[in-house]
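Each remark here refers to the structure printed beneath this line.
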Amino acid sequence: MHGEYKVPGGKLVVVDLEVRDGRIADFHLAGDFFLEPDDALADIDAAVTGLPVESDGGQIAAAVRGALPAGAQLLGFTPEAVGTAVRRALVTAPGWKDFSWEVVHDAPVSPRMNLALDEVLTARVGDGRRNPTLRLWEWDESAVVIGSFQSLRNEVDPEGAARHGFDVVRRISGGGAMMMGANSIVTYSLYVPASLVAGMTFADSYAFLDDWVLQALRSVGVEATYQPLNDIASPQGKIGGAAQKRLANGGVLHHATLSYDMDGQVMTEVLRIGREKLSDKGTVSAAKRVDPLKSQTGMPRAAIIDTFIQTFSNLYGAVPGHITDDEYAEAEALVESKFSTDAWLRRVP
């Protein structure tokens, strides 16, 4: 069995192994990482060999860490990365290039329509009716998008939202509220089969699915990093955040919103950002938490989107695609039955 895991921002971890009598046998670790001392590689191989095949990623990582000699240096990978690679080998998880990818960047639609398309396209990828897809959003009005489990009254100031022209909508994924001003953010959605992230912890899958965008940002001079659980940041501040929803049919939605341009004062008047949430980020000002891509790159928003599309396409062989008339029709029906209803918006008052 063979498994691979590219550490976000790090190196490739490769494992080969056999299974005998319910245990891992003939385990060998390889990759383009750095490890000192050299013979620590044999210690890792010995630590994993003999483990039960039911061992989860954390148990495998603990075995690796316990076997390392004092002062060992792991550069570009971690014991947890070894655990992830082993689990992916045991479940024969595919990699990015094992799929045929499409990139969609279609005409603007309303925020509610964008949310409905997320649900429709995720379900279709899960059902095998659509290739795995990256979609760049465009929209024709400003909105605050709150997470599936957030309290509407706790997150949004309705007077501030109305005063600044922001509609309020709720998405199907968890996470925090995003203030999405027209032409002021860059939002993308990935619709992938669950097999792509098989063997990963939920937290690992976030960084794994956004590694390509870190590469895209670095190519335009942004020193982007991933901050667990779901933030994309640079030394200048937070750039954006990601969220996920996994459907029962095996479809996975992973989407992220990155700030392109923003008015920090407007954000504090539209969102009810509590002091405790700010304090755990080490700052006292909401306006200083986010550092937009416009100020960091000086690039037009459209040029940043083009960079994202080019980077993703070059990495994974993606080809241009479009949303079909049938998919639009299904999403329109879902807007009417769900995303435009007061019951959905106020499901958590």
Side-chain angles (χ1 to χ4, degrees), residues 6 8-9 96 101-111 113-115 117-118 121 131-145 165-166 178-192 206-227 230-243 253-264 266-267 287-323:
K6 169 65 169 60
W96 288 92
W101 292 91
E102 294 182 15
V103 177
V104 171
H105 186 208
D106 282 348
V109 294
S110 70
M113 189 65 170
N114 273 308
L115 298 176
L117 283 169
D118 268 0
L121 300 181
N131 286 332
T133 300
L134 167 69
R135 181 173 72 93
L136 281 302
W137 290 29
E138 295 293 350
W139 61 102
D140 52 14
E141 59 185 275
S142 298
V144 174
V145 182
F166 282 82
M178 304 301 295
M179 196 176 81
M180 301 172 62
N183 299 314
S184 294
I185 55 111
V186 176
T187 295
Y188 60 85
S189 295
L190 279 167
Y191 314 107
V192 308
Y206 270 80
F208 176 77
L209 292 174
D210 276 333
D211 188 52
W212 68 273
V213 84
L214 300 187
Q215 296 183 54
L217 289 170
R218 290 169 188 155
S219 75
V220 295
V222 178
E223 297 177 36
T225 58
Y226 212 84
Q227 303 294 328
N230 62 336
D231 283 352
I232 298 171
S234 77
Q236 285 71 42
K238 178 178 174 179
I239 299 170
L253 165 64
H254 178 95
H255 49 194
T257 293
L258 284 67
S259 176
Y260 173 71
D261 193 14
M262 66 170 294
D263 185 324
V266 171
M267 183 174 73
K288 294 180 180 178
R289 282 188 61 207
V290 179
D291 193 60
L293 293 176
K294 182 178 181 180
S295 66
Q296 293 199 48
T297 67
M299 296 171 62
R301 177 178 174 274
I304 291 176
I305 290 175
D306 287 344
T307 298
F308 283 12
I309 292 173
Q310 182 178 357
T311 299
F312 189 89
S313 300
N314 290 343
L315 285 170
Y316 308 130
V319 299
H322 295 281
I323 299 167

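Side chains included, hydrogens not; waters and symmetry mates left out as well; all remaining heavy atoms used.
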Checklist outcome for this item: Separation between CG (Asp261) and NZ (Lys294), nearest 0.5 Å, reads 4.5 Å
Checklist entry - Are Asn131 and Tyr191 linked by a side-chain donor-acceptor pair shorter than 3.5 Å? => result no
Checklist entry - Can you tell me if Tyr206 and Asp231 form a side-chain donor-acceptor pair at under 3.5 Å? => result no
Checklist outcome for this item: Taken to the nearest 0.5 Å, the spacing of Leu293 CG from Ser184 OG works out to 11.5 Å
Checklist entry - Do Val213 and Tyr188 come within less than 4.5 Å of each other through their side chains, counting heavy atoms only? => result yes
Checklist entry - Quick one: are Leu217 and Gln296 in side-chain contact, heavy atoms under 4.5 Å? => result no
Checklist entry - So, Asp106 and Arg135, do they make that salt bridge, N to O below 4.0 Å? => result no
Item to check | For Tyr226, ring pair (Phe, Tyr, Trp, His ring centres under 6.0 Å) partners two or more places apart | outcome: none
Next on the checklist: Under a 3.5 Å distance rule, please check whether Ser142 uses its side chain to pair with a backbone N or O of Ala182 as donor and acceptor.
Outcome noted: yes
Item to check | Reported CG-to-CG distance for the pair Leu253 and Leu117, which is rounded to 0.5 angstrom | outcome: 11.5 Å
Item to check | Side chain proximity check, Leu315 to Trp101, heavy atoms < 4.5 angstrom | outcome: no
Next on the checklist: Could you tell me if the side chain of Glu138 sits less than 4.5 Å from the side chain of His105, heavy atoms only?
Outcome noted: yes
Checklist entry - Are any non-hydrogen side-chain atoms of Val145 and Asn114 less than 4.5 angstrom apart? => result no
Next on the checklist: I need the Met178 CE to Leu258 CG distance, nearest 0.5 Å.
Outcome noted: 8.0 Å
Checklist outcome for this item: Residues Ala224 and Arg218: closest non-hydrogen pair is O-NH2, 2.8 Å
Checklist entry - Under a 4.5 Å cut-off applied to non-hydrogen side-chain atoms, are Asn183 and Arg301 in contact? => result yes
Item to check | CD1-CD1 distance between Ile304 and Ile309, expressed to the nearest 0.5 angstrom | outcome: 12.5 Å
Item to check | Between Trp212 and Thr311, a side-chain donor and acceptor under 3.5 Å | outcome: no
Next on the checklist: Let's go through Leu134 and Tyr316 carefully: what are the C-alpha distance in whole Å and the side-chain angles of both, what is the deciding distance for side chain to side chain contact (heavy atoms under 4.5 Å, CB included) to 0.1 Å, and is it a yes or a no?
Outcome noted: CA-CA 11 Å; Leu134 167 69; Tyr316 308 130; over 6 Å; no
Item to check | Side chain proximity check, Leu121 to Ser189, heavy atoms < 4.5 angstrom | outcome: no
Checklist entry - Side-chain contact, heavy-atom cut-off 4.5 Å: Trp137 with Leu115? => result yes
Checklist entry - Taking the six-membered ring for Trp, are Phe312 and Trp96 parallel (under 30°), tilted (30 to 60°) or perpendicular (over 60°)? => result perpendicular
Checklist outcome for this item: Correct closest heavy-atom pair for Ser219 and Ala216 would be OG-O, 2.6 Å
Checklist entry - Is it true that the side chains of Thr225 and Gln227 contain a donor and an acceptor less than 3.5 Å apart? => result yes
Item to check | Spatial distance of atom OG1 (Thr257) from atom CD1 (Ile239) [nearest 0.5 Å] | outcome: 13.0 Å
